[in-house]
Every structure is written in structure tokens, then in C-alpha cells.
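Below: one structure, written as C-alpha cells.
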2 protein chains.
Amino acid sequence: MGASKTEHFSDEQNTIAIIAKALGHPARIAIIEHLLKVNACICGDIVNELPLAQPTVSQHLKELKNAKIIKGTIEGNSICYCIDENTLNQLKSYFENITKQLEIKSTQCC
Amino acid sequence: MGASKTEHFSDEQNTIAIIAKALGHPARIAIIEHLLKVNACICGDIVNELPLAQPTVSQHLKELKNAKIIKGTIEGNSICYCIDENTLNQLKSYFENITKQLEIKSTQCC
DNA sequence: ATTTATTATTGCAATATTACGATATAGTAT
DNA sequence: ATACTATATCGTAATATTGCAATAATAAAT
């Protein structure tokens with residue numbers, strides 16, 4: 001096997017899992033934080049910020065793009081990357097909802 | 001290779017990535033939602049709720065436990081699982097902070 | 001046209017993940 | 001003691017991920 005049985009789960013479950021999975025690597029978290037630090041939108045220089053080779057960074061960027069966590073637009077010679085607020089807001093809302101429900105119920109027994 | 005170069009990233013980046021990665025599978029999202037639905041703490045019956053074989057579910061539960069997203073205590077014959085609020089709160093706070101910063105800066109250019 | 005700079009793609013090796021049958025373990029009930 | 005129930009572990013196959021050298025693609029600069 002090795003492939004996830006995505007068809008058995010709801011669209012929302014799959015969507016959240018895809019976003020979470022894309023954020024499930026420290027390099028990709030570092031990319032997000034860097035994009036945030038330099039203020040939303042930058043062209044180039046992501047590779048130099050990470051301790052990884054250029055093809056590896058390119059691959060991580062691709063995965064963040066596939067999960068719609070970042071957007072990239074061609075800006076002359078280089079590419080302008082920025083965070084897609086909608087996707088991260090969706091994730092934030094989802095976990096806000098989860099933690100809110102946990103607070104209400106709070107049946108701590110373990 | 002295949003192994004992540006975790007040593008090059010900060011503790012927080014690694015921690016968030018580990019939690020996100022553990023949530024990066026629809027079955028594990030479904031487990032969280034089920035634990036929430038039946039109210040925090042249940043003994044048994046997780047296997048019957050998922051369209052996966054018992055060893056597979058057990059493996060997913062182990063990964064959620066490793067990431068400290070759920071806790072399990074032995075309750076006689078079965079095991080009592082519940083969500084660890086602290087960990088999900090940590091993830092929630094992290095993304096709340098990210099999205100808050102995005103809102104403040106909001107340099108939408110892509 | 002050639003060089004330079006930036007990013008993507010290809011190909012490959014190492015490792016990790018997903019899934020499950022078979023089996024083990026541990027507690028309950030008879 | 002034996003049977004039953006619930007969960008974990010082992011072993012293994014299929015697939016995915018991570019990482020990078022080599023190379024390609026694209027645009028800007030000379």
C-alpha cells in the first residue's frame with residue numbers, strides 16, 4: 001500500500017489534512033515564517049535563507065503552492081512569493097473551532 | 001536521502017511541524033473529530049468508526065500519541081483515549097499569531 | 001549572441017509512511 | 001483453565017517523501 005485511502009473521508013477532513021501535511025515539515029514552516037518576516041511578498045532570496053540546496057527548496061515551495069498555502073507570480077527575472085491568507089485562515093478557524101469545543105466540553109479524564 | 005534535516009531548524013519550527021505532520025492524514029483528523037463528537041474521552045469503538053483495519057487505526061493512534069495530540073490511559077479491558085488540549089492549543093495559538101501578523105501587514109501583491 | 005541570475009525539472013538513492021494479515025499481549029468473563 | 005474482547009506489535013508490500021547533483025528553462029544584462 002502506501003497510498004492514503006482519501007476516498008473514505010469527508011472533503012473537509014481531506015482538505016484540512018492536505019494543509020496540515022504541507023505544513024508538516026520544518027523547512028516549510030521556516031519558509032512561511034520567512035515570508036512573514038520580510039513582509040508578505042518577496043522575490044528571490046528564499047533559497048539563501050534555508051540550509052538546503054536550491055532544488056530541495058524549490059520542491060518545498062511547490063508543495064506549499066499545491067496546498068494553496070503560498071502563491072507565486074512571475075516578476076521579471078525571479079518569482080514573487082507570498083502567503084495565501086485564505087488557506088491559513090481556514091486552518092486557523094478549523095482549530096479554533098476544535099479548541100473551543102474542547103473548552104466547552106472539557107471532560108478531562110485521562 | 002528521505003530523512004528531514006531537522007537539526008537545521010529551530011525547536012519551535014520542529015515542534016509545529018511535528019504536530020502538523022501528525023494531523024496531515026484524513027484518518028487522524030477523523031479520529032480527532034470522533035473523540036470530540038463523543039465527548040472528550042472514550043474507551044474503545046474508535047476502530048469501528050473508521051474505514052480502516054484495526055492495525056492501521058492502532059498505528060494512526062500511536063502517531064497522534066507520539067505528537068502528544070491525544071492521551072491514552074488503560075481502562076480495564078480497553079484504552080481510554082482523549083485529546084490533549086495543550087498541544088492543539090499550541091497549534092491554534094501559533095496559527096492565530098501567523099494570521100494576525102498577516103492581517104496587520106496585509107501587503108497583498110500576488 | 002553570450003553571459004549571468006533565478007527558478008524548475010529530471011533522475012536517483014535513502015528513508016518514511018500507509019495499510020493490513022498474522023500474531024502477540026493483556027484484561028474480563030465463564 | 002479456557003474463551004472472549006480490545007489493543008499492540010511484527011513483518012512486509014506498495015507508495016510517498018526528502019534531498020541533491022545535473023540539467024533545463026526563462027528572462028535580464030552586457
Side-chain angles (χ1 to χ4, degrees), chain A residues 1-9 13-14 17-31 34-35 41-67 70-82 110, chain B residues 1-9 13-14 17-31 34-35 38 41-67 69-82 110:
Chain A
M1 308 285 140
S4 300
K5 292 193 154 182
T6 57
E7 68 277 13
H8 294 306
F9 301 100
Q13 286 167 346
N14 278 307
I18 285 169
I19 302 170
K21 189 176 186 177
L23 294 166
H25 192 293
R28 296 196 285 267
I29 293 291
I31 289 171
H34 183 65
L35 284 173
C41 197
I42 54 158
C43 306
D45 121 80
I46 296 179
V47 172
N48 303 321
E49 289 295 321
L50 293 178
L52 296 168
Q54 181 268 323
T56 308
V57 174
S58 187
Q59 202 172 280
H60 283 307
L61 288 167
K62 195 180 180 183
E63 277 174 68
L64 287 169
K65 255 188 290 181
N66 286 343
I70 63 172
K71 291 179 282 189
T73 43
I74 297 163
E75 186 91 357
N77 201 5
S78 56
I79 291 192
C80 189
Y81 280 114
C82 66
C110 298
Chain B
M1 308 289 138
S4 300
K5 291 194 155 184
T6 56
E7 67 277 12
H8 295 306
F9 302 100
Q13 286 167 345
N14 278 308
I18 285 169
I19 301 170
K21 190 177 187 179
L23 294 166
H25 191 291
R28 297 195 286 267
I29 293 291
I31 289 171
H34 182 65
L35 283 174
V38 297
C41 197
I42 54 158
C43 307
D45 121 82
I46 296 180
V47 170
N48 303 320
E49 289 296 320
L50 293 178
L52 295 167
Q54 180 268 321
T56 309
V57 174
S58 187
Q59 201 172 280
H60 283 306
L61 288 167
K62 193 179 180 182
E63 276 173 67
L64 287 169
K65 256 187 290 180
N66 287 342
I69 294 167
I70 64 172
K71 290 179 285 188
T73 44
I74 297 164
E75 186 90 357
N77 202 4
S78 56
I79 292 192
C80 187
Y81 281 113
C82 66
C110 298

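So you know, we letter chains A, B, ... as the sequences are listed, proteins then strands, and number each from 1.
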Start with the C-alpha gap between Thr73(A) and Ile79(A), add the side-chain angles, then the distance that decides, and say whether side chain to side chain contact (heavy atoms under 4.5 Å, CB included) holds.
CA-CA 6 Å; Thr73(A) 43; Ile79(A) 291 192; over 6 Å; no
Carefully, step by step, assess Ile46(B) and Leu35(B) under the rule side chain to side chain contact (heavy atoms under 4.5 Å, CB included).
CA-CA 8 Å; Ile46(B) 296 180; Leu35(B) 283 174; 4.2 Å; yes
Going by heavy atoms closer than 4.0 Å, what residues in residues 48-60 of chain A are next to DNA chain C?
Gln54(A), Pro55(A), Ser58(A)
Can you tell me how far CG of Leu50(A) sits from CD1 of Ile31(A), rounded to the nearest 0.5 angstrom?
5.0 Å
Could you tell me which non-hydrogen atom of Ala22(B) sits nearest to which non-hydrogen atom of Ala67(B), and how far apart they are?
CB-CB, 3.5 Å
Counting side-chain heavy atoms from C-beta on, which of dT7(D), dT7(C), dT18(C) comes nearest to Tyr81(B)?
dT7(D)
Send over the distance from Ile18(B) CD1 to dT18(D) P, rounded to a whole Å.
13 Å
Whole-Å distance, Ile74(A) CD1 to dT7(C) C1', equals 10 Å
Let me know the distance between CD of Glu63(A) and C1' of dT7(C), rounded to the nearest Å.
16 Å
May I have the distance from Leu23(A) (atom CG) to dT18(D) (atom C1'), rounded to whole angstrom?
17 Å
Figure out the CD1/P separation between Ile46(B) and dA8(D), and round it to whole Å.
9 Å
Review item, side-chain donor-acceptor pairs of residues 51-64 of chain B, under 3.5 Å, at least two apart:
unit_1, atom_1, unit_2, atom_2, d
His60(B), ND1, Arg28(B), NH1, 2.9
Glu63(B), OE1, Arg28(B), NH1, 3.2

Rounded distance [0.5 Å steps], NE2 in His8(A) versus CG in Asn14(A):
11.0 Å
Between C1' of dT17(D) and CG of Leu61(A), the distance in whole Å
16 Å
Rounded interatomic separation in angstrom, taking CZ from Arg28(A) and C1' from dA16(D):
12 Å
Of all the choices, dT18(C), dA8(D), dT7(D), which nucleotide is nearest to the side chain of Lys65(B) once you look at every atom?
dA8(D)
Rounded to the nearest 0.5 Å, how far does CG of Asp45(B) lie from OG of Ser78(B)?
9.5 Å
Can you tell me how far P of dT18(C) sits from CD of Glu7(A), to the nearest Å?
15 Å
Is Lys21(B) near enough to dA16(C) that one of its side-chain N or O atoms lies under 4.0 angstrom from OP1 or OP2?
no
